[in-house]
Asker: 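One structure coming up, written as structure tokens, with questions to follow.
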Amino acid sequence: MSSFAGRMKEYPYISLDRFDRENLHARAYFLSHCHKDHMKGLKGPLLKRKLKFSLTVKLYCSFVTKELLLSNPKYGFWADHIVALELESPTQISLIDEASGEKEEAVVTLLPAGHCPGSVMFLIEGAQGTVLYTGDFRLAEGDASRIEVLHSGSRVKDIQSVYLDSTFYDPRFYQIPSREACLSGIRGLVLDWLSRSTYHVVWLNCKAAYGYEYLFTNLGEEFHTQVHVNSLDMFKKMPEILAHVTTERATQIHACRHPKDEEFMRGNRLPCGSFASDGTPLKIISIKPSTMWFGERTRKTNVIVKTGSSSYRACFSFHSSYAEIRDFLSYLQPINIYPSVVPLGRTHADVTELLKPMCREVISSAVIYRPLGTLKRTRQEPTCHDVDCADWLFESGDMAPVRKRLMKLEATPTTPLGDPVHLLLSLIGCQAPEAFVDEDEKHSAQFPLPLNPISPGHVLSQAKTMLIQDGECQGEILAGIDTGWKESGSHAHQTDPSELSESQVSSDFEVPSTPESHPPGTDELIVLYKRLAAGEQVLGLNPEDRACRTKPGGPSLQD
């Protein structure tokens, strides 16, 4: 059951799947599919009045959703305000404030949602970033990588926010059998029952007015029969479904529904009667497609479970499983994820907390991950004279101010440059050897890798981030983590060092080295340290100081 209020933070002038309260002020409306929990206020008198005097407000949806909606006379007043869009075809729309004339442009693309006939996701791109509203969706693992519009060239688009169907984002529903597997189980049960006699019939006890057409069409084709339903009105302009349904009750497969005032009398009683046209009693079994019931089981079951003498439960889901949602989010790597549904037995806070690890950017009071782009680093161990110099420094009494500063930096738990020489050289402005990153440190829990490698389009992979520690030294000491991955499309493979260009192996930031620069020697460091101890401001070595390396009588360790 959707709990989405209708508004997105990035584009508050549009309303999606909600048409009441503050949504009455929207400049445009979007309907992902025709299920009641996504149509609140859609036929309300206030909205009807607004449309009567509006020249610009439109409702955007798929062609199938438009036909389903207008098949109900209660929504007939929308006829002149509905704009049906083709799937995966970007369309620019204008969001116009009719009172002030203010206008905002956005590009909207409808993507297949796999939930029910006509169901779509909305990809919205504009000045406030790219956002995805999933509505209700069921995508198998790997499906996102096959949706072309989610990509820009070979890269996944940078998704600011996903407004997510989180119906089954709960470990209890980690794995839900595919629709094909569920159909196979139902097909076997139906075949066994119908083959006994012409008086053996099956009732598909479906709770929704529509959405199970996948079952109807496949069972109809398999058994060369039509499925009995209450009405054909909603399918009149959908010939691929219309061919498999009928209002004639003389068939062995039924999906007719009880009137609302007889909900309490359902049981296994066939809504259209329990006798054949010749008066012979029918042998009836009911099959109730559901998912929640299976999720509540304490142990693994088959996709078909017998629950009574003539009743069965069949696992059949309109919504993605926990594992499928994780696969979807791991591929897109959005910065923000907002749940639209609260799983049964959970709270909004619960599901929000569960979704945090799937966000591309993790922000806490202690650590901030920011985009840095692709870092290119060669690894080099400190030289021996660097280490000796560091030992001498800490024994020198006149270097207390620098030592104090170093101690403060070393106290920072996530300082990327732990070597004292690197810390000193970064303080005094000298060019230091590149930080050595141990292989084990690269894969430590401090820098978690994403579940799946993402495409080059993402500028903020957790494996390629800059770690900035809050405190005095924030921004002073920065380091990149080289993951060793080279990305192509949606997959990754190990980088061959021989394939790297000269610029890639020479610099982290692709800025050429200062001409004639070199790692400082011991004698140069001594000069710098003494000048620092005297309180002088040192930006680098002047020519006279630089000459001290070779000039006779220059400073030595004994000085």
Side-chain angles (χ1 to χ4, degrees), residues 35-36 116-117 176-235 238 241-297 301-318:
H35 278 164
K36 286 184 178 180
C116 64
I176 299 175
S178 68
R179 286 182 173 176
E180 292 76 14
C182 297
L183 174 64
S184 178
I186 294 173
R187 187 190 294 121
L189 175 59
V190 172
L191 175 62
D192 175 71
W193 189 253
L194 298 189
S195 61
R196 301 186 183 188
S197 78
T198 57
Y199 297 106
H200 284 72
V201 302
V202 170
W203 176 39
L204 301 174
N205 184 5
C206 304
K207 63 180 180 179
Y210 87 105
Y212 296 92
E213 288 74 16
Y214 174 83
L215 286 179
F216 302 167
T217 56
N218 280 278
L219 292 176
E221 288 179 355
E222 176 74 18
F223 298 103
H224 306 288
T225 188
Q226 291 179 307
V227 177
H228 178 231
V229 295
N230 292 60
S231 174
L232 301 178
D233 290 344
M234 66 177 66
F235 306 124
M238 289 182 273
I241 298 175
L242 189 62
H244 299 288
V245 292
T246 180
T247 54
E248 298 294 328
R249 62 183 299 267
T251 178
Q252 286 185 274
I253 302 178
H254 294 253
C256 43
R257 305 177 71 210
H258 284 286
K260 289 184 178 180
D261 60 348
E262 293 188 20
E263 291 280 338
F264 66 96
M265 299 180 61
R266 278 190 177 186
N268 292 333
R269 185 170 72 82
L270 193 64
C272 61
S274 301
F275 294 87
S277 57
D278 62 1
T280 304
L282 297 174
K283 305 292 185 181
I284 305 166
I285 61 170
S286 69
I287 302 175
K288 187 174 182 63
S290 58
T291 310
M292 196 67 68
W293 185 88
F294 284 85
E296 294 170 349
R297 302 305 96 194
T301 65
N302 296 323
V303 296
I304 302 292
V305 175
K306 189 170 185 178
T307 56
S309 59
S310 58
S311 60
Y312 297 81
R313 290 270 187 170
C315 186
F316 188 85
S317 178
F318 291 104

Asker: Do His254 and Trp203 have ring centroids that are under 6.0 Å from one another?
Answerer: no
Asker: Is the side chain of Thr251 donor-acceptor paired with the backbone N or O of Gln226 at a distance under 3.5 Å, no angle test?
Answerer: yes
Asker: Between Ala314 and Ile287, which heavy-atom pair has the shortest distance, and what is it?
Answerer: CB-CG2, 3.7 Å
Asker: Treating Ser290 as the side-chain partner and Met292 as the backbone partner, does any N or O pair qualify as donor plus acceptor under 3.5 Å?
Answerer: no
Asker: Quick check for you: to the nearest 0.5 Å, what is the distance between Ser184 atom OG and Asn218 atom CG?
Answerer: 11.0 Å
Asker: Considering all heavy atoms of both residues, which atom of Cys206 and which atom of Arg257 are nearest to each other, and what is their separation?
Answerer: O-NE, 3.7 Å
Asker: Search all heavy atoms of Val201 against all heavy atoms of Leu194 and return the closest pair with its distance.
Answerer: CA-CD2, 4.1 Å
Asker: Nearest 0.5 Å, please: how far is CG in Leu183 from CG in Leu215?
Answerer: 6.5 Å
Asker: Do any N or O atoms from the side chain of Glu213 and from the backbone of Cys116 form a donor-acceptor pair under 3.5 angstrom?
Answerer: no
Asker: Is it the case that the side chains of Thr307 and Arg313 hold a donor-acceptor pair, with the cut-off being a distance below 3.5 Å and no angle test?
Answerer: no
Asker: Mind checking the NZ-OH spacing from Lys283 to Tyr199? Nearest 0.5 Å is all I need.
Answerer: 12.0 Å
Asker: Keeping the roles fixed (side chain from Gln252, backbone from Ser195), state whether a donor-acceptor pair exists under 3.5 Å.
Answerer: no
Asker: Kindly determine whether Val303 and Phe294 satisfy side chain to side chain contact (heavy atoms under 4.5 Å, CB included), including the steps that lead there.
Answerer: CA-CA 9 Å; Val303 296; Phe294 284 85; 5.7 Å; no
Asker: So, the side chain of Arg179 versus the backbone of Phe316: is there a donor-acceptor pair under 3.5 Å, distance only?
Answerer: no
Asker: As an exercise, state the distance from SG of Cys315 to CD1 of Ile186, rounded to the nearest 0.5 Å.
Answerer: 9.0 Å
Asker: Let's go through Leu189 and Ile285 carefully: what are the C-alpha distance in whole Å and the side-chain angles of both, what is the deciding distance for side chain to side chain contact (heavy atoms under 4.5 Å, CB included) to 0.1 Å, and is it a yes or a no?
Answerer: CA-CA 10 Å; Leu189 175 59; Ile285 61 170; 4.2 Å; yes
Asker: Determine the minimum heavy-atom distance between Cys256 and Asn230, stating which atoms define it.
Answerer: CA-OD1, 3.1 Å
Asker: Taking Phe318 as the fixed residue, which of Tyr214, Tyr212, Tyr210 is the one that meets the ring pair (Phe, Tyr, Trp, His ring centres under 6.0 Å) rule?
Answerer: Tyr212
Asker: For the atom pair CD1 (Ile176) and OG (Ser317), what is the distance rounded to the nearest 0.5 Å?
Answerer: 4.0 Å
Asker: Quick one: closest heavy-atom pair of Phe216 and Val227, and the distance?
Answerer: O-CG2, 3.9 Å
Asker: So which heavy atom on Ser274 is nearest to which on Arg269, and how close?
Answerer: OG-CG, 4.0 Å
Asker: Measure the spacing between CG of Leu242 and OG1 of Thr217 and express it to the nearest 0.5 Å.
Answerer: 12.5 Å
